[in-house]
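Note sheet for the following structure.
In what follows, chains are A, B, ... by sequence order, proteins preceding strands, each numbered from 1.
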There are 2 protein chains.
Amino acid sequence: MNILEKITNELDTLSKSERKVAEVILSSPSTVIHSSIAALAKQANISEPTVNRFCRRLDTKGYPDFKLHLAQSLANGTPYVNRHVDENDNAEEYTSKIFESTMASLELARKSLDASLINRAVDVLTQANKISFFGLGASAIVAHDAQNKFFRFNVPVVYFDDILMQRMSAINSRQGDVVVVISHTGRTKSLVEVASLAKENDATVIGITTTDTPLAKECSIVLSVDVIEDTDLYMPMSSRIAQLALIDVLATGFTLRRGSKFRDNLKKVKDSLRSSRFEKKD
Amino acid sequence: MNILEKITNELDTLSKSERKVAEVILSSPSTVIHSSIAALAKQANISEPTVNRFCRRLDTKGYPDFKLHLAQSLANGTPYVNRHVDENDNAEEYTSKIFESTMASLELARKSLDASLINRAVDVLTQANKISFFGLGASAIVAHDAQNKFFRFNVPVVYFDDILMQRMSAINSRQGDVVVVISHTGRTKSLVEVASLAKENDATVIGITTTDTPLAKECSIVLSVDVIEDTDLYMPMSSRIAQLALIDVLATGFTLRRGSKFRDNLKKVKDSLRSSRFEKKD
DNA sequence: TCAATTATGAAATAAAATTTCATTTTTCCT
DNA sequence: AGGAAAAATGAAATTTTATTTCATAATTGA
């Protein structure tokens, strides 16, 4: 658990003087890990025992122990940050930036996800008579990938990246069917309509989208995938990758729910590909 | 820089007693961060000043500073590791594991990539008369995504996830054409053949695959994307995500090479979608 | 308003780390 | 091999840092 977040959370349970300490720490945590208790006390205009009490209130053994926690929080607090690609970056630079931004987005996406909703979504998927994945543009790829995965599970699954097919399919859906609608923006009119049509026809609609979007409002279960897109390049990047990771999560949840016998079956599916491949040397 | 690695590296520049300290630390770093200098000295059967000298030799200000570094290394030494999903994991657990494994794979993939080869690939792509993306199974999605991106650049681009179409397209290729062949295993026979056919017909073949595979041998430029796949679940997961990140890198390299005027054009492409979306409130 | 509770800091104490310096060990030259 | 020089080491002293104690101040609640 990140101690900086903890400080923020407990800010209002702290006393006046302790809050001063908290503010100094939050404003410049990296300075604090190199300060003595005396230096920090002075900085916050309070006494040393107050700093000590502050540390204990955060469930640390004392000031040195607190600094240890702080150092750890700083180390893994922002391992990857969203860095924008610059006009003059060379290949090395933009490659690193893109990979790091992608990792930062995955980190963010994971935080925005609610495990209990994932659990419900998996519930619904395992019980579905038929599963449909709908997406357009970059999200079409995610739908395509989902089909590829769920197909292996030997359940009826379709994917459409065509507005008309999606509409027709939505209208034909019924109780027991699950429709997964994927859209980063959650604002694509035709997809929102499809979600609403499917819902009217008693299908369970799972939305993979950003929190609080028009699409989210139409869904039975919303799996929020919040990422920061680098809009400078006018292309969807991180969003679809975070969505794919979520598809992996759903597929994994599905296989776990189905038990070990089911997984043996997956192995058979995979093994069936062997003859199409060149042997591995060792 | 990870201090544990540093200790390992400098092990032979240390004196006998200092090495004892190093060994105690390496054998149980997490204990050490909660030990006083006296406790550590006793543990290693040496004196306190020796511990202090040891710390300084590692370019830290002293023992407390050393502990801070150690704490940080423990926190981000293995920020994301490939953790396998377990039978009894709950939703929270398997979600975290999958996201973290994905991030670990991206980290690994970035390391396996060679920036100069990316640069050459971008060169070739910007000069291409026609670009084709080929993949099968999970890699088909990557090819699909690549088409979606490069299509925006207003260059002739196709994608095929059908063996026959791929073969026909490869046979029809000529000098100036670029064929991008995507396969994680690099062992899918029909794809290796397609690569070789395209090459025979003077197309430039870019391979997105693992290092040292049959496919890699057939390519003009090999972009190595090495990841660890969790084979327990018999589904491609990390590999396709790392490949997609590479597609982002190539697309970004392409837009940078084309200059700022070109990027204005991308904005227009994106803006053309606006009318199909619900307005954002603020 | 005033007793009770809680918060705070000065000073004392305790703990931990560092420095100094004498002793031991190792190195390297003849 | 022998011995001076250099390097390594630890005991003790010192310094720095953190914690505790306790008296005082501020706040709360009847």
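With rounding to whole Å, A/Leu40 atom CG is found 10 Å from D/dA18 atom P. As a whole-Å value, the separation of B/His34 NE2 from D/dA18 C1' is 17 Å. Rounded to whole Å, atom P of D/dT17 lies 11 Å from atom CD1 of A/Ile37. One atom, CD of B/Glu48, and another, P of D/dT17, lie 17 Å apart when rounded to the nearest Å. Between A/Lys16 atom NZ and D/dA26 atom P the separation is 9 Å, expressed in whole Å. Atom pair A/Arg53:CZ and D/dT19:P shows a separation of 12 Å (rounding to whole Å applied). Protein atom CG of B/Asn52 is 14 Å distant from nucleotide atom C1' of D/dT14, rounded to whole Å.
A heavy-atom distance below 4.0 Å to DNA chain C is reached by none of the residues of residues 54-65 of chain A.
In this structure, A/Leu68 and B/Leu68 have side chains that are in contact, with non-hydrogen atoms separated by less than 4.5 Å. The side-chain heavy atoms of B/His184 and B/Arg240, taken from C-beta on, include no pair separated by under 4.5 Å. Between A/Leu108 and A/Asp226, the closest side-chain pair of non-hydrogen atoms is not below 4.5 Å. Side-chain atoms of A/Leu117 and A/Val222, non-hydrogen and from C-beta on, never get closer than 4.5 Å to each other.
Taking the charged nitrogens against the carboxylate oxygens, B/Lys6 and B/Asp59 do have a contact shorter than 4.0 Å, which makes a salt bridge. Remark: A/Asp65 does not engage A/Arg56 in a salt bridge, criterion side-chain N to carboxylate O under 4.0 Å. Taking 4.0 Å as the cut-off between side-chain N and carboxylate O, A/Arg57 and A/Glu18 count as a salt-bridged pair. Using a 4.0 Å cut-off between a side-chain N of Lys or Arg and a carboxylate O of Asp or Glu, A/Arg257 and A/Asp123 qualify as a salt bridge.
Taking every heavy atom of both residues into account, A/Ala109 and A/Ser112 meet most closely at O-OG, 2.8 Å. Scanning all heavy atoms of the two residues, the minimum distance from A/Gly253 to B/Tyr94 falls at CA-OH, 3.2 Å.
At the phosphate of D/dA8, neither OP1 nor OP2 sits under 4.0 Å from any side-chain N or O atom of B/Ser15. Look at B/Ser17 and you'll find a side-chain N or O under 4.0 angstrom from OP1 or OP2 of D/dT9.
Comparing the start and finish of the helix from C/dT1-D/dA30 to C/dT30-D/dA1, five pairs each, the helix axis swings through 30°, to the nearest 10 degrees.
Boundaries of the chain A contact region on DNA chain C are C/dA7 to C/dA10, first to last in 5' to 3' order (nucleotide atom under 4.0 Å from a heavy atom).
Aromatic rings of A/Phe54 and A/Tyr63 (six-membered ring for Trp) have centroids beyond the 6.0 Å cut-off, not under it.
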